[in-house]
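See structure below.
Every heavy atom of this structure was used, including side-chain atoms; hydrogens, water molecules and symmetry mates were not.
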Amino acid sequence: MLNNYMTDNIVIIDYGVGNILSIKNAIEYNGYKPIVSKNSNDIENASHIILPGVGSFPAAMKKLRDLSLIQPIKKAIDRGTNLLGICLGMQLLFSRSEEFEITKGLNLISGDIIKLNKISKKEYLKLPNIGWRSCEITNINQNTKILKTINNKDEFYFVHSYALSNFKESLILAYSKYNDVHIPALIKFKKIYGCQFHPEKSGPKGLQILKNFLEL
């Protein structure tokens, strides 16, 4: 752990849905000093934004709307801010979700969020998908700085019942497999990244993913 914090303007969006303390601790372990904020100016002027998420898609989108955070996030993206969505935070980046009801997402990237058992060909699929899973890295010709020192044997911690569907294959940096379902585990679109897993709960390799993102 570094004692002298680096000064990049890193904002963890505080909208009442997410494992914020663990993410903050993981970032500080990597030598950075993040801001935990729901202030629109902080978000719009950030160099890096982390959008956490735990819970349901409709509830998370409602909180983002109620706090008037959707436009600040989009303005930050327009000015070239790096954004990382984690777990539900990754799912919110896409067009819509069918969790409980059809709900529009941030629509920063085209794609749908559907229940894992709708993707599976098995009659019964135990949900949620909880546990450590390896990730198969794909599209190695893309800019994969976020995957520096990460390989296919490394495992990350997942806990989710919904996953990305109806997406462009070029988005996917890594897949994970749960029974017969190939899950988009790490995505990239321009300066927008998403982890379906929890890097902050994934040990040294998860910390490395966060470090790589913060170095972008």
Side-chain angles (χ1 to χ4, degrees), residues 15-20 22-23 50-64 83-139 142 146-147 150-189 192-203 205-206 209-210 213:
Y15 65 117
V17 180
N19 191 23
I20 288 177
S22 293
I23 295 171
I50 295 180
L51 180 64
V54 173
S56 78
F57 193 106
M61 284 303 301
K62 182 179 187 302
K63 290 192 176 184
L64 288 175
L83 170 64
L84 175 65
I86 294 176
C87 196
L88 175 60
M90 168 181 154
Q91 296 177 5
L92 297 175
L93 304 175
F94 289 90
S95 306
R96 59 194 158 268
S97 170
E98 64 167 28
E99 186 173 3
F100 298 125
E101 60 189 17
I102 301 299
T103 305
K104 291 182 179 179
L106 293 171
N107 199 29
L108 299 172
I109 314 171
S110 180
D112 300 326
I113 306 301
I114 70 173
K115 204 162 190 177
L116 285 169
N117 60 8
K118 287 193 174 182
I119 304 172
S120 175
K121 295 179 181 178
K122 293 189 174 183
E123 185 176 344
Y124 174 76
L125 183 70
K126 184 179 179 180
L127 295 178
N129 169 27
I130 300 178
W132 293 79
R133 315 281 181 218
S134 61
C135 291
E136 179 184 350
I137 298 170
T138 64
N139 294 319
Q142 289 195 26
I146 198 167
L147 287 169
I150 305 298
N151 62 59
N152 289 335
K153 294 180 181 180
D154 296 328
E155 295 187 335
F156 301 90
Y157 184 74
F158 289 78
V159 52
H160 64 114
S161 296
Y162 291 78
L164 175 62
S165 182
N166 301 325
F167 54 87
K168 290 185 177 180
E169 200 67 32
S170 59
L171 292 173
I172 310 303
L173 295 181
Y175 279 102
S176 178
K177 190 173 182 181
Y178 178 53
N179 286 329
D180 67 329
V181 182
H182 284 81
I183 298 166
L186 182 64
I187 63 96
K188 174 183 182 293
F189 177 71
I192 303 172
Y193 296 80
C195 296
Q196 183 59 73
F197 55 87
H198 284 273
E200 78 282 6
K201 295 182 179 180
S202 295
K205 289 300 181 176
I209 290 278
L210 288 171
F213 170 71

side-chain contact (heavy atoms from CB on, under 4.5 Å) between Leu83 and Leu93, worked out: CA-CA 10 Å; Leu83 170 64; Leu93 304 175; 3.6 Å; yes

Test item: side-chain donor near acceptor, Ser120 and Asp180, under 3.5 Å: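 Yes, Asp180 and Ser120 have a side-chain donor paired with an acceptor closer than 3.5 Å.
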
Test item: [X] side-chain N/O and [Y] main-chain N/O as donor-acceptor pair under 3.5 Å:
X	Y	result
Gln91	Ile113	no
Ser95	Gly111	yes
Asn152	Ile137	yes
Tyr15	Lys62	no
Glu98	Lys115	yes
His198	Glu200	no

Separation of Leu173 CG from Ile146 CD1 (nearest 0.5 Å):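 One gets 7.5 Å once the value is rounded to the nearest 0.5 Å.
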
Spacing of OG belonging to Ser165 relative to CD1 belonging to Ile183, to within rounding of 0.5 Å: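 Reported to 0.5 Å precision, the distance equals 12.0 Å.
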
Heavy-atom pair of closest approach, residues [X] and [Y]:
X	Y	value
Trp132	Gly203	CH2-N, 4.0 Å
Pro128	Tyr178	O-OH, 4.1 Å
Leu92	Leu64	CD1-CD1, 4.1 Å
Ile119	Leu164	CD1-O, 4.4 Å
Ser134	Ser176	O-OG, 3.3 Å
Ser110	Phe94	O-CD2, 3.7 Å

Quick check: do [X] and [Y] have side-chain heavy atoms less than 4.5 Å from each other?
X	Y	result
Cys87	Phe158	no
Ile209	Tyr193	no
Tyr157	Phe197	no
Ile86	Asn19	no
Leu106	Leu51	yes
His160	Leu116	yes
Phe167	Ile172	yes

Mutual orientation of the aromatic rings belonging to His182 and Tyr175 [parallel < 30°, tilted 30-60°, perpendicular > 60°]: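 Perpendicular.
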
